[in-house]
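For reference, the structure discussed in these notes is given below.
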Amino acid sequence: MSRATKSGLAAEAQSKVEAKYNEEQAAECLEWIAAVTGQEFDKSGNADNFYNILKDGKMLCEVINALKPGEIKKIQKSTMAFKCMENINQFVDGAKSCGVPSQETFQTVDLWERQNLNSVVICIQSLGRKGGQFGKPAIGPKEAEKNVRQFTEEQLRASDSVISLQYGSNKGANQAGMSFGTTRHM
């Protein structure tokens with residue numbers, strides 16, 4: 001495969017990722033971040049603004065510390081790449097400690113190299129649903145609560161007397177003598 005073909009495929013894949021980015025959801029995430037941290041900034045959801053506000057990871061770390069005070073001990077103030085990436089990584093770890101499932105988090109390079117801003121939005125939305133657990137505003141649909149049910153022994157044994165159709169009893173009918181197609185001749 002030539003370099004031109006490879007780069008064309010990579011560009012196509014990147015454009016598919018960028019197509020998933022939703023400005024309205026990103027704006028909702030930025031509004032939630034402003035509400036949780038108490039900071040003022042441009043809350044428009046366009047990709048450039050979203051990236052510029054979050055790229056150094058400082059704001060994200062402040063969100064985690066607003067939800068769980070002291071969770072992130074040191075927020076890096078430097079704009080050097082590895083320091084910013086350290087902030088982003090601390091946010092992802094902090095989000096997991098707040099209950100965000102790992103499949104809803106993002107890789108550090110998704111934000112730092114602007115590879116997949118949609119996954120960053122998904123992570124912030126997931127964290128935002130947990131906001132109510134920490135006494136902060138929440139975004140998105142309310143999370144489901146556990147509904148554990150207790151059954152008595154009598155209720156559990158009631159199923160023993162039921163004969164399922166999967167057990168091969170259908171009023172005496174069975175598949176004996178049935179054939180589909182002809183036999184294989186060699």
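- Residues A66 and V36 approach most closely at CB-CG1, 3.4 Å, considering heavy atoms.
- Of the possible polar contacts, one joining the K58 side chain to the K77 backbone as a donor-acceptor pair under 3.5 Å is found.
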Checklist entry - What do the steps show when you test V100 against V92 for side-chain contact (heavy atoms from CB on, under 4.5 Å), and what is the final call? => result CA-CA 9 Å; V100 174; V92 172; over 6 Å; no

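- From F82, atom CZ reaches atom OG1 of T108 across 14.5 Å, with rounding to the nearest 0.5 Å.
- The 12-atom threshold is not exceeded at NZ of K74, counting heavy atoms of other residues, nucleotides or ligands nearer than 6.0 Å.
- Closest of all the heavy-atom pairs between T105 and C123 is CA-SG, 3.9 Å.
- For N87 (side chain) and I75 (main-chain N/O), no donor-acceptor pair under 3.5 Å exists by modelled atom type.
- In this structure, the side chain of N52 engages the main chain of D48 through a donor-acceptor pair within 3.5 Å.
- Between F50 and L117, the shortest heavy-atom contact is CE2-O, 4.2 Å.
- For the atom pair I88 CD1 and Q107 CD, the distance stands at 11.5 Å (nearest 0.5 Å).
- Proximity of a side-chain donor or acceptor of Y51 to a complementary backbone N or O of N46 within less than 3.5 Å is not detected.
- With sequence neighbours excluded, no residue forms a salt bridge (Lys or Arg N to Asp or Glu O under 4.0 Å) with E154.
- Using modelled atom types, no side-chain atom of K55 and backbone atom of E113 make a donor-acceptor pair closer than 3.5 Å.
- Looking at I124 and L54, their side chains come closer than 4.5 Å, going by heavy atoms from C-beta outward.
- Applying the salt bridge (Lys or Arg N to Asp or Glu O under 4.0 Å) rule to E31 yields no partners; only residues at least two apart in sequence or on another chain are considered.
- Atom CG of L30 sits about 7.5 Å away from atom OG of S44, to the nearest 0.5 Å.
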Next on the checklist: Could you go through Q90 and E86, starting from their C-alpha distance and side-chain angles, then the distance that decides it, and tell me whether this counts as side-chain contact (heavy atoms from CB on, under 4.5 Å)?
Outcome noted: CA-CA 6 Å; Q90 287 186 93; E86 187 177 321; 4.2 Å; yes

Which donor-acceptor pairs under 3.5 Å do side chains of residues 127-138 form with protein atoms, sequence neighbours excluded?
residue: R129; atom: NH2; partner: E104; partner atom: OE1; Å: 3.2
residue: K130; atom: NZ; partner: G99; partner atom: O; Å: 3.3
residue: K130; atom: NZ; partner: E143; partner atom: OE1; Å: 3.1
residue: K130; atom: NZ; partner: E143; partner atom: OE2; Å: 3.0

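- The nearest pair of heavy atoms linking M59 to D56 is N-OD1, 4.4 Å.
- Taken from CG in N65 to CG in L60, the straight-line distance is 11.5 Å, to the nearest 0.5 Å.
- Distance CD/Q39 to CD1/I33: 10.0 Å, rounded to 0.5 Å.
- Heavy-atom minimum distance, I139 versus Q125: CD1-CA, 4.0 Å.
- Separation of atoms CG (L111) and SG (C84) is listed at 9.5 Å; rounding is to 0.5 Å.
- Under the 3.5 Å distance criterion, the side-chain polar atoms of S126 are left unmatched by any main-chain donor or acceptor of I122.
- A 6.0 Å sphere centred on CD of Q155 holds more than 12 heavy atoms belonging to other residues, nucleotides or ligands.
- The residues E153 and R157 are annotated as salt-bridged, a charged nitrogen and a carboxylate oxygen being separated by less than 4.0 angstrom.
- Considering every non-hydrogen atom in both V121 and Y21, the closest pair reads CG2-CE1, 4.0 Å.
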